[in-house]
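Within every chain, numbering begins at 1; the chains are lettered A, B, ... in the order of the sequence lines, protein sequences first and strands thereafter. Quick caveat: nothing in here was measured; it's all calculated off a predicted structure.
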Number of protein chains: 2
Amino acid sequence: MASRNRKRNVTIIDVAREANVSYSTVSRVVNNNPHVREDKRERVREAMAKLGYVANPLARGLAGGQAQVIGLLVRDLVTEYVAQILLGIDEELATHQYDLMLYTTHHRRAKESQYIQTLTQGFIDGLLLILPLDPGAYLETLRRHQFPYVVIDHQGFDDFSPTVVSTNTRGAYEATEYLIKLGHRRIAFIAGSENTSSAIERLEGYRAALQAHDLPFDPALVQSGEFDQPGGFHAAQKLLSLPERPTAIFAANDASAIGAMDAIRSHGLSIPGDVSIIGFDDIRQSAYCYPPLTTVRQPLIDMGRIATRLLMTYIANPAHPRERVVMNTELVIRESCAPPRSAGQA
Amino acid sequence: MASRNRKRNVTIIDVAREANVSYSTVSRVVNNNPHVREDKRERVREAMAKLGYVANPLARGLAGGQAQVIGLLVRDLVTEYVAQILLGIDEELATHQYDLMLYTTHHRRAKESQYIQTLTQGFIDGLLLILPLDPGAYLETLRRHQFPYVVIDHQGFDDFSPTVVSTNTRGAYEATEYLIKLGHRRIAFIAGSENTSSAIERLEGYRAALQAHDLPFDPALVQSGEFDQPGGFHAAQKLLSLPERPTAIFAANDASAIGAMDAIRSHGLSIPGDVSIIGFDDIRQSAYCYPPLTTVRQPLIDMGRIATRLLMTYIANPAHPRERVVMNTELVIRESCAPPRSAGQA
DNA sequence: GCGCACTTTGCAAACGCTTGCAAACTGATC
DNA sequence: GATCAGTTTGCAAGCGTTTGCAAAGTGCGC
């Protein structure tokens with residue numbers, strides 16, 4: 001409504017007057033355009049410093065230049081998983097001269113595509129997407145606009161997008177194999193949200209490891225944990241009520257593993273004495289819960305950082321070929337796993 | 001450099017043509033200006049829907065309107081403390097039609113005031129500041145520009161700013177008193193970063209409780225923990241090497257308490273058997289570390305939420321009187337505290 | 001059927017920048 | 001010292017809005 005009574009800002013024109021050049025020259029200096037003679041460039045720089053000139057990103061964006069802002073589209077900020085990636089993004093961004101615009105969709109699909117429209121109007125120069133909900137529709141739009149974007153941990157829905165992912169299948173395979181080598185035979189799996197590729201890949205890894213070691217796959221041992229703590233709790237409840245209880249549980253992420261640990265304890269069982277548990281992600285809590293959680297480390301911070309770096313490349317050079325970066329996972333052994341009680345087998 | 005070859009967007013002018021009115025009428029409809037006849041308003045709405053019009057925030061901002069964006073200025077995103085506040089901000093924002101611009105200063109002072117300049121150019125409509133570093137300079141600027149802002153957990157440096165804080169002194173008093181009532185006599189304090197008011201107030205609360213219970217204040221029992229985990233670890237190391245070891249430690253925040261717990265264990269001591277420990281904040285890890293940490297809960301999410309709501313009020317009505325909201329802390333008793341070993345006293 | 005006080009509408013200027021285009025400059029070459 | 005190919009510079013148009021101001025429209029009482 002009421003327009004703010006802002007004090008008049010120092011503009012490119014003021015600088016031009018001070019430096020005794022035209023305003024386009026000032027603009028060129030600001031944008032590092034090479035077609036400016038060195039002495040004038042210097043004069044403009046001095047004038048800018050003297051007047052305390054700060055570019056107006058709105059005007060730049062509107063006029064078709066770079067707003068020096070990138071966007072991050074994410075479902076929500078609740079999870080430590082997202083928080084860690086955000087950390088990496090932020091760190092990387094600090095080394096470039098870019099700011100960050102945060103878009104949380106709060107799980108409402110309509111919002112995502114609405115944002116995309118706003119965004120491509122020049123508000124931001126590039127977009128990072130973490131685990132987008134229903135990207136079919138608008139990724140196509142982004143591509144058509146030649147708008148720079150990078151997807152983090154996506155769902156394999158298309159192969160044209162630059163992406164940063166981690167070795168979900170292999171990580172899950174290694175986790176499962178670790179439990180098998182400890183002597184476990186009944187290993188349960190707490191799965192993630194069904195429609196994400198990381199959930200699917202981790203389930204695949206789990207099954208592959210069972211198969212490789214000639215263990216049967218029992219669907220009753222797979223329960224969905226929705227990637228969150230309450231989900232993990234409930235899934236574990238069900239698993240522990242099974243007639244033949246599992247001796248180990250592999251949870252598709254740490255949050256659900258931590259929930260499962262609560263459930264195990266509430267059944268009066270000990271970790272890892274009665275039930276071993278292993279997670280995925282290596283969020284901060286995992287090192288500080290009791291007992292410290294063995295897990296598959298996913299380099300979340302680095303994923304954020306690399307994705308950002310990739311995006312910067314695309315912004316600078318829109319023709320840069322699409323890449324798919326795969327980050328290695330790593331088994332982090334702490335104290336939540338042990339051989340099964342009755343086990344002499346190995 | 002290269003201007004993006006964006007497809008021409010649907011503008012206010014396209015809508016005007018479609019609805020057969022002037023573009024200012026469309027603008028008025030978009031801004032809910034009452035001076036539009038009902039039938040035209042309806043026609044414009046239809047045209048907007050038909051064409052899929054989305055307002056360009058850059059142009060709005062530039063022209064002096066509202067960009068529908070608020071900014072958040074924060075040192076970094078590393079801490080769970082900030083993450084929780086951010087959560088509250090984000091949740092509240094979702095109910096308004098506002099987006100969030102994130103500014104992390106990464107502890108560089110120069111950056112803060114530079115941002116402030118950009119911001120007041122119309123890029124954002126209001127600003128939230130969490131624990132600003134050196135606000136003396138630019139808070140004054142904001143005030144002069146009549147720019148809406150709210151400070152979260154500030155340092156008491158000025159009394160003109162709208163602020164959301166919590167009862168630090170009282171919370172610290174209660175934590176200390178709780179330890180005293182358990183029978184502890186040598187209670188150490190791991191302090192926060194010296195120049196923040198929350199650190200100062202918590203130290204005050206600690207001292208006040210000692211005094212109220214006729215216990216001496218021993219400067220050797222106060223060590224700075226810098227509000228982070230390594231800091232807490234080192235501070236605890238020093239405290240535990242004291243000739244007469246404390247039987248309880250009160251840490252100025254949970255992060256340093258968790259660091260201290262590591263130190264206690266690395267000294268071969270048990271918690272709470274040998275040393276009791278209590279934190280401040282109630283971040284998520286605290287419930288999942290071992291043993292679960294007794295702490296003073298600070299309603300961080302609510303603080304973010306309330307601050308955002310306050311900011312919305314100021315944006316809508318710049319003349320709204322400056323408020324200072326104080327949130328209550330609450331002692332959360334878990335399992336990290338017990339009476340001292342040798343204690344019959346209470 | 002006219003004048004009056006409102007309400008509604010449209011035009012034009014501004015917001016601060018980028019950039020294509022043409023003019024002005026530069027220095028080397030003959 | 002004129003010519004030419006670069007290089008540097010400045011002008012003007014445009015990006016999509018908001019909003020003050022003036023013009024046009026409305027309804028009412030006489």
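Atom CD of B:Gln66 is separated from atom C1' of D:dT17 by 13 Å (rounded to the nearest Å). When the P atom of C:dC15 is taken as reference, atom CG of B:Leu62 falls 10 Å away, rounded to whole Å. Between the C1' atom of D:dT17 and the CZ atom of B:Phe123 lies a distance of 16 Å, rounded to the nearest Å. Between the CZ atom of A:Arg37 and the P atom of C:dA24 there is a distance of 16 Å, rounded to whole Å. In this structure, A:Asp125 atom CG and C:dC17 atom C1' are separated by 14 Å, rounded to whole Å. Regarding A:Ile12, its CD1 atom lies at a distance of 13 Å from the P atom of D:dC11, rounded to whole Å. Here C:dC15 presents its C1' atom at 10 Å from CG of A:Asn9, a figure rounded to the nearest Å. Rounded to an integer number of Å, the gap from CZ of B:Arg60 to C1' of C:dC17 is 20 Å.
B:Tyr53 and B:Val10 make their closest contact through CD1-O, 3.5 Å (heavy atoms, listed as atom of the first residue, atom of the second, distance).
For the side-chain contact (heavy atoms from CB on, under 4.5 Å) test, residues two or more places apart in sequence or in another chain that qualify with B:Thr141 are B:Tyr138, B:Arg144, B:His145. Contacts of A:Arg37 classified as side chain to side chain donor-acceptor pair (under 3.5 Å), with partners at least two apart in sequence or in another chain: A:Asp39. Partners of A:His320 according to the ring-ring contact (aromatic ring centres under 6.0 Å, His included) rule, which considers only residues two or more places apart in sequence or in another chain, are A:Tyr314. B:Arg43 is linked by a salt bridge (charged side-chain N to carboxylate O under 4.0 Å, His left out) to nothing, counting only residues two or more places apart in sequence or in another chain. Taking the side-chain contact (heavy atoms from CB on, under 4.5 Å) definition, one finds that A:Tyr23 meets it with A:Ile12, A:Ile13, A:Ala16, sequence neighbours left out. Applying the ring-ring contact (aromatic ring centres under 6.0 Å, His included) criterion to B:Tyr98, with sequence neighbours excluded, gives no partner residue. Applying the side chain to side chain donor-acceptor pair (under 3.5 Å) criterion to B:Ser22, with sequence neighbours excluded, gives B:Ser24, B:Thr25.
Among the atoms of the strands shown, none is found under 4.0 Å from any heavy atom of B:Val26. Nucleic acid contact class of A:Val36 (heavy atoms, under 4.0 Å, all strands): sugar-phosphate only.
Comparing the axis of the opening five pairs of the helix from C:dG1-D:dC30 to C:dC30-D:dG1 with that of the closing five pairs yields an angle of 50°, rounded to 10°.
Counting only residues at least two apart or in different chains, salt bridge (Lys or Arg N to Asp or Glu O under 4.0 Å) contacts with residues 303-312 of chain B comprise B:Glu91-B:Arg305, B:Glu92-B:Arg309, B:Asp302-B:Arg305. Listed by first then second residue, pairs satisfying salt bridge (Lys or Arg N to Asp or Glu O under 4.0 Å) with a partner in residues 44-53 of chain B read B:Glu18-B:Lys50, not counting sequence neighbours.
We find the NE2-OG1 distance between A:His96 and A:Thr308 to be 7.5 Å, quoted to the nearest 0.5 Å.
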So B:Gln121 and A:Asn56, side-chain hydrogen bond (donor to acceptor under 3.5 Å, both in side chains) or not? Walk me through it. CA-CA 7 Å; B:Gln121 295 191 28; A:Asn56 182 329; 3.2 Å; yes

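For the OP1/OP2 pair of D:dT17 and a distance below 4.0 Å, the side-chain nitrogens and oxygens of B:Ser27 include no atom meeting the criterion. Between A:Asn31 and C:dT18, a side-chain N or O to OP1/OP2 separation shorter than 4.0 Å is present.
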Output one line per pair: protein atom, nucleotide atom from nucleotides 10-14 of chain C, and distance, for all N/O pairs under 3.5 Å.
| from | atom 1 | to | atom 2 | distance (Å) |
| --- | --- | --- | --- | --- |
| C:dG10 | OP2 | B:Ser22 | N | 2.8 |
| C:dG10 | OP2 | B:Ser22 | OG | 3.0 |
| C:dG10 | OP2 | B:Thr25 | OG1 | 2.9 |
| C:dG10 | N7 | B:Arg28 | NH1 | 3.3 |
| C:dG10 | O6 | B:Arg28 | NH2 | 2.5 |
| C:dC11 | N4 | B:Ser24 | OG | 2.9 |
| C:dA12 | N7 | B:Tyr23 | OH | 2.4 |
| C:dA12 | N6 | B:Tyr23 | OH | 3.2 |

All N/O contacts under 3.5 Å from nucleotides 5-7 of chain D to the protein, with atom names and distances to one decimal?
none

